[in-house]
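Scroll down for the structure; my scribbles are underneath it.
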2 protein chains.
Amino acid sequence: MAQNNKKRDFKEKIKAIQDTMFVLGGKWKLPIILSIYSGNKRFNDIAGSIPGITNRVLSKELKHLEQNLLISRTVINDYPVRIEYAITDYCLTTEEVAAPLEKWGKNHRKKLQEKV
Amino acid sequence: MAQNNKKRDFKEKIKAIQDTMFVLGGKWKLPIILSIYSGNKRFNDIAGSIPGITNRVLSKELKHLEQNLLISRTVINDYPVRIEYAITDYCLTTEEVAAPLEKWGKNHRKKLQEKV
DNA sequence: GATACTTGTATCCTAAAGGATACTTAATTC
DNA sequence: GAATTAAGTATCCTTTAGGATACAAGTATC
């Protein structure tokens with residue numbers, strides 16, 4: 001019985017972690033968030049601020065982030081139609097994840113160097 | 001100048017995060033760590049505790065984790081040769097990453113439900 | 001009515017992660 | 001010497017992530 005609870009907890013832990021990875025993982029999602037956060041609002045500005053990203057990928061990722069309530073997309077109806085992307089308040093909570101990931105990554109690099 | 005520093009910080013932040021993702025990301029690494037942590041020491045035990053994983057993938061992931069100092073691999077020379085995997089002390093620091101990921105994932109699910 | 005601008009989409013392709021399944025090696029017991 | 005057991009490896013295949021490049025829709029200006 002206690003064993004079953006343990007197993008269930010284990011699975012839920014993993015699932016929650018994988019959910020986060022799905023929403024924030026991959027090569028581009030956090031870079032895009034940071035780019036918008038640092039002032040870029042327009043599609044082409046964001047694209048220009050992130051070396052190597054393509055239109056297709058940026059477009060897909062922006063949709064994914066919008067669906068997950070992390071960014072907002074506002075249409076501005078003058079010529080030519082502009083779109084403004086912005087970070088949502090909720091998106092600021094990703095810092096709780098990004099900061100530990102960053103810290104651990106930096107420390108891990110040191111750790112691997114000691115190894116040699 | 002200040003702008004250049006900002007850009008450099010941005011890039012290093014992203015790189016550190018991607019390093020962590022490389023070491024701990026993917027479908028299986030954290031599940032494997034948690035499995036060993038919860039008492040499984042042997043290849044077949046670990047394999048049996050994680051539904052869906054295959055020999056090939058488990059083997060690759062164990063090597064990856066060992067190279068990154070997160071688990072140890074001990075050969076025991078009786079019949080038939082046994083191998084014992086164990087979590088390293090260093091591996092315990094992954095909790096600093098796993099816990100926030102888990103917490104955020106659980107909260108995010110709630111958030112998405114509110115949306116509807 | 002040709003041109004330019006912005007935000008994308010369409011099409012096709014490559015690379016990486018992961019999966020299925022059979023097999024190997026080495027010692028030991030029967 | 002056939003069978004068993006543990007820890008993988010070998011081979012081949014599928015799926016997913018990401019990349020390259022061209023171009024489309026709508027509107028305003030010239």
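Per chain, numbering begins at 1; letters A, B, ... match sequence-line order.
Taking atom OH of B:Tyr85 as the reference point, atom P of D:dA6 lies 15 Å away to the nearest angstrom. Atom CZ of A:Phe22 and atom P of D:dT15 are 17 Å apart (whole Å). For the pair B:Asp45 CG and D:dG8 P, the interatomic distance rounds to 12 Å; values are reported in whole Å. The distance from atom CZ of B:Arg82 to atom P of D:dG8 is 13 Å, rounded to the nearest whole Å. Separating the CH2 atom of B:Trp28 from the P atom of D:dT15 is a distance of 16 Å, rounded to the nearest angstrom. Here D:dC12 presents its C1' atom at 16 Å from CG of B:Asn55, a figure rounded to the nearest Å. B:Lys41 has its NZ atom 16 Å from the P atom of D:dG8, to the nearest Å.
For A:Ser72 and A:Thr88, the side-chain atoms include no donor-acceptor pair closer than 3.5 Å.
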Exercise for the section: Check step by step if side-chain contact (heavy atoms from CB on, under 4.5 Å) holds for B:Ser59 and B:Phe43. Expected result: CA-CA 8 Å; B:Ser59 170; B:Phe43 189 92; 4.2 Å; yes

Exercise for the section: Give the intermediate values and the outcome of side-chain contact (heavy atoms from CB on, under 4.5 Å) for residues B:Ile32 and B:Ile53. Expected result: CA-CA 10 Å; B:Ile32 292 169; B:Ile53 200 167; 4.0 Å; yes

Exercise for the section: I would like to know whether A:Trp104 and B:Thr94 meet side-chain hydrogen bond (donor to acceptor under 3.5 Å, both in side chains); could you show each step before the answer? Expected result: CA-CA 8 Å; A:Trp104 197 89; B:Thr94 59; 5.9 Å; no

Problem - A:Val97/B:Ile17 under side-chain contact (heavy atoms from CB on, under 4.5 Å): CA gap, chis, key distance, verdict - result: CA-CA 10 Å; A:Val97 171; B:Ile17 290 173; over 6 Å; no

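Mapping A:Arg56 and A:Ile83 onto DNA chain C by nearest heavy atom places A:Ile83 at the nucleotide closer to the 5' end.
Between B:Lys29 and B:Glu61 a salt bridge is recorded (basic side-chain N to carboxylate O distance below 4.0 Å).
A close approach under 4.0 Å does occur between a side-chain nitrogen or oxygen of B:Arg73 and OP1 or OP2 of D:dG8.
Between A:Phe22 and B:His108, the ring centre distance reaches or exceeds 6.0 Å.
Heavy atoms of A:Lys60 sit nowhere under 4.0 angstrom from any nucleic acid atom. Across all strands shown, A:Arg42 has heavy atoms under 4.0 Å from sugar-phosphate atoms exclusively, and none from any base. At the heavy-atom level, A:Lys29 lies nowhere under 4.0 Å from the strands shown.
Side-chain contact between A:Tyr85 and A:Lys41: absent, with no pair of heavy atoms (C-beta onward) separated by less than 4.5 Å.
Look at C:dT3: its Watson-Crick or wobble partner, with both distances under 3.5 angstrom, is D:dA28.
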Table of protein N/O atoms under 3.5 Å from nucleotides 24-30 of chain D N/O atoms:
none

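Hydrophobic clustering, with ILVMFWY side chains joined whenever heavy atoms are under 4.5 angstrom apart, groups B:Trp28 together with B:Leu69.
Think of the region where chain B sits on DNA chain C: with heavy atoms and a 4.0 Å cut, that region ends 5' and 3' at C:dG18 to C:dT28.
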